[in-house]
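Okay, so here's the structure we're looking at.
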2 protein chains.
Amino acid sequence: MDEDHTAVFAALAEPSRMRIVSLLRGGPLTVGQIAERLEIRQPQASKHLKVLQQAGLVDVEAEANRRHYRLRPEPFRELESWLAGYRELWNERFDRLDDYLRTMED
Amino acid sequence: MDEDHTAVFAALAEPSRMRIVSLLRGGPLTVGQIAERLEIRQPQASKHLKVLQQAGLVDVEAEANRRHYRLRPEPFRELESWLAGYRELWNERFDRLDDYLRTMED
DNA sequence: TTCGAATATTCCTGTAAAGGAATATTATGA
DNA sequence: TCATAATATTCCTTTACAGGAATATTCGAA
């Protein structure tokens, strides 16, 4: 339990990186395209992409001069399963289950 | 879109805070109980709880001397809905939808 | 009202990380 | 082989933040 999502959370805690991840939902993009759309300088884009890559959030495919970055599905699946451990906290169905269990206690 | 989950992600990116959140799944705990179970000093526990509180992840109920911290469901709901925006990236059902759409393109 | 338990806050220090600017690297096409 | 586009890396500076230690605060009980 608890695993190690800290790298993923840390990566997503930075606004530019969050925007990169959001951008990449539309499909792979090159470093230049990302820098342009986010209005940041290319070196910063490269640095952020490196962090995202080390966190496992993106991977790269090289094509000639360019590098196409794209989202990896795995960390999102892991986030979902991590979040599932908290589902009883907020999920309506679990609320009803709680009510039911409380009823049983009487 | 994108909203502002950065405070939540930043809060969860710290291992001790992640452990506090995990601990609190079992129900509200006092600062002292948290410090004891995590084997950290009380001031650090208080500081981490402050960060968690400012991120909206926990709230407090004062009872005499003690303060009971507990998880708030809202940020977890928001995480879930944020994550939903990425579901087509990893969800099997969406994969099948993709296949279907590609078929339509021929 | 004073004491002690529980908690919060402050001050200090070290460290990690972000942005800017410059430079290095890599691959393509002429 | 050279020039150029695309990207990565390095160096520097500034800032944010975590932990430690000490201290302040708050509340209930005697």
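Bear in mind that the values here come from a model prediction, so they are computed numbers and not experimental data.
Rounded to a whole Å, the NE2 atom of His48(B) is 15 Å from the P atom of dT9(C). Between Lys47(B) atom NZ and dT10(C) atom P there is a gap of 11 Å when expressed in whole angstrom units. The separation between Ile20(A) atom CD1 and dT7(D) atom P is 13 Å, rounded to whole Å. Rounded to an integer number of Å, the gap from Asn65(A) CG to dT4(D) P is 14 Å. Distance CD (Gln42(B)) to C1' (dA8(C)): 7 Å, rounded to an integer number of Å. One atom, CZ of Arg19(A), and another, P of dG19(C), lie 12 Å apart when rounded to the nearest Å. As rounded to whole Å, 13 Å separates atom C1' of dC12(D) from atom CD of Gln44(A). Across the protein-nucleic acid pair, Met18(A) atom CE and dA18(C) atom P stand 14 Å apart, rounded to whole Å.
Along DNA chain C, the nucleotide nearest Ala64(A) and the nucleotide nearest Ser16(A) are compared for position; the residue whose nucleotide lies closer to the 5' end is Ser16(A).
Donor-acceptor pairing under 3.5 Å is recorded for the side chains of Glu63(A) and His68(A).
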Problem - side chain to side chain contact (heavy atoms under 4.5 Å, CB included) between Arg37(A) and Leu29(A), worked out - result: CA-CA 10 Å; Arg37(A) 304 202 193 177; Leu29(A) 291 174; 3.8 Å; yes

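An OP1 or OP2 oxygen of dA8(C) is reached within less than 4.0 angstrom by no side-chain nitrogen or oxygen of Lys50(B). In this structure, Arg67(B) does not reach the dC27(D) phosphate: none of its side-chain N or O atoms is under 4.0 Å from OP1 or OP2.
For the contact set between residues 28-40 of chain B and DNA chain C, defined by any heavy atom under 4.0 Å, the members are Thr30(B), Val31(B), Gly32(B).
Relative orientation of the Tyr86(B) and Phe76(A) rings is parallel, given thresholds of 30° and 60° on the angle between their planes.
Comparing dT9(C), dT7(D), dG28(D) by their nearest atom to the side chain of Arg66(A) picks out dT7(D). Listed candidates were dG19(D), dA8(D), dA18(C). Nearest to the side chain of Tyr69(A) is dA8(D). Here dT9(C) is the nucleotide among dT9(C), dG19(D), dA8(D) with the atom lying nearest to any side-chain atom of Ser46(B). Listed nucleotides: dA22(D), dA27(C), dA21(C). Nearest to the side chain of Pro43(B): dA22(D). When the nucleotides dG20(D), dG19(D), dC27(D) are ranked by their closest atom to the side chain of Arg41(B), dG20(D) comes out on top.
Rounding to the nearest 0.5 angstrom, the gap separating the OG atom in Ser46(B) from the CZ atom in Arg67(B) is 9.0 Å. Between Thr6(B) atom OG1 and Met18(A) atom CE the span is 7.5 Å, to the nearest 0.5 Å.
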List, one per line, each side-chain donor-acceptor pair under 3.5 Å for residues 49-62 of chain A, sequence neighbours excluded.
residue, atom, partner, partner atom, Å
Asp59(A), OD1, Arg70(A), NE, 2.9

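By the side chain to side chain contact (heavy atoms under 4.5 Å, CB included) test, Glu80(A) pairs with Arg87(A), Glu80(B), Leu83(B), Arg87(B), Trp90(B), sequence neighbours left out.
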